[in-house]
There are 2 protein chains.
Amino acid sequence: MDKISGNALRGHLDAMVLATLARGEGHGFEIMQRLGTAGRGALELKEGTLYPVLYRLEAAGMIVGKWETGATERRGPRRRIYKLARNGKRDLKRRQEQWRHFIQIIGGIVEAPA
Amino acid sequence: MDKISGNALRGHLDAMVLATLARGEGHGFEIMQRLGTAGRGALELKEGTLYPVLYRLEAAGMIVGKWETGATERRGPRRRIYKLARNGKRDLKRRQEQWRHFIQIIGGIVEAPA
DNA sequence: CCTACTATTTAGCGAGACTAAATAGAGTTG
DNA sequence: CAACTCTATTTAGTCTCGCTAAATAGTAGG
């Protein structure tokens with residue numbers, strides 16, 4: 001099956017990122033990879049797509065990011081570790097409900113037998 | 001449940017219109033109403049949203065439109081009746097498969113338990 | 001040194017859904 | 001008959017947000 005078209009993701013990317021972080025904190029590059037894996041080849045998010053989402057979610061107080069330091073730090077460019085904020089957990093739940101609503105309504109129209 | 005946000009519809013509207021016409025030809029205003037009903041209050045498409053979709057689909061050869069005349073015609077402003085073209089039927093099937101793929105992949109990410 | 005991989009940043013583009021208003025015929029009400 | 005309300009279509013302009021593309025930077029290997 002082909003790649004999921006860019007526009008189809010609109011309005012769902014935030015929920016996808018929040019859901020990914022709900023399974024454990026991580027830095028941008030890692031989240032990108034996790035989404036790629038979870039997308040089973042159908043998702044190919046690029047940096048320019050994901051990072052702005054993270055900035056937006058952090059600015060909105062949904063996630064909290066801090067530069068990795070100390071013991072856990074590794075060699076290479078510095079990484080910003082993000083985790084879900086309280087607001088983000090609430091928001092994720094809300095977005096999951098909206099997702100179910102969305103697929104029920106839109107699916108009911110798109111999949112309706114002729 | 002609240003209204004389905006505009007952006008979430010992106011990339012799915014075409015499929016919704018094709019599916020609506022698969023259940024019987026109709027004119028723009030009617031399609032708008034049918035979608036409103038099928039959306040159970042969660043969809044509120046306006047003219048400026050729907051008509052451009054029809055023009056686009058017609059230009060792409062997915063649907064065929066003609067001005068209503070003769071016996072079936074009714075009083076009031078003239079109406080343009082659209083019906084699925086052969087290409088449109090094929091396209092609808094393809095889009096339905098893509099829809100299932102989409103909700104499987106995205107749903108798998110958004111709904112995954114923490 | 002060059003390439004490759006991890007990691008982040010950011011400027012600018014474009015698709016397409018939305019807002020808003022205009023146009024128009026027919027029926028209804030005061 | 002003016003004003004209003006439906007049905008019905010058209011279209012100009014806006015805005016969101018995911019995508020393209022490239023730059024910057026640290027580390028490692030050939």
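Below, chain A is the first sequence line, B the second, and so on; all start at residue 1. Just so it is clear, the model here is predicted, and its values are computed rather than measured.
Ring geometry for His12(B) against Phe102(A) counts as perpendicular: the plane angle is over 60°, on a 0 to 90° scale with 30° as the lower cut.
At a threshold of 4.5 Å between non-hydrogen side-chain atoms, the residues Met62(A) and Arg56(A) do not count as touching.
Regarding contacts with the backbone of dT9(C), a side-chain N or O of Tyr55(A) is found under 4.0 angstrom from either OP1 or OP2. Contact check, Tyr51(A) against dT9(C): no side-chain N or O comes under 4.0 Å of OP1 or OP2. Under 4.0 angstrom from either OP1 or OP2 of dA17(C) there lies no side-chain N or O belonging to Arg10(B). An OP1 or OP2 oxygen of dA17(C) is reached within less than 4.0 angstrom by no side-chain nitrogen or oxygen of Asn7(B).
In Arg100(B), the CZ atom is crowded: over 12 heavy atoms of neighbouring residues, nucleotides or ligands sit closer than 6.0 Å.
With respect to the salt-bridge test (charged N to carboxylate O, under 4.0 angstrom), the residues Glu30(A) and Arg34(A) qualify.
In this structure, NZ of Lys46(B) is placed 17 Å from P of dT9(D), rounded to the nearest angstrom. Regarding Met32(A), its CE atom lies at a distance of 12 Å from the P atom of dC19(D), rounded to whole Å. Rounded to whole Å, atom C1' of dT9(D) lies 13 Å from atom CD1 of Ile81(B). Atom CZ of Arg79(A) is separated from atom C1' of dT6(C) by 9 Å (rounded to the nearest Å). Between the CZ atom of Phe29(B) and the P atom of dA8(D) there is a distance of 6 Å, rounded to whole Å. In this structure, CG of Leu50(A) is placed 15 Å from P of dT10(C), rounded to the nearest angstrom. What separates CD of Glu58(A) from P of dT9(C) is a distance of 9 Å, to the nearest Å. The distance between atom CZ of Arg78(A) and atom C1' of dG26(D), rounded to the nearest whole Å, is 11 Å.
The nucleotide whose nearest atom lies closest to any side-chain atom of Trp67(A) is, among dA7(C), dT19(C), dT9(C), dT9(C).
The two residues Glu47(B) and Pro52(B) have their closest heavy-atom pair at O-CD, 3.7 Å.
Within 4.0 Å of Gly28(A), counting heavy atoms only, lie sugar-phosphate atoms of the nucleic acid but no base atom.
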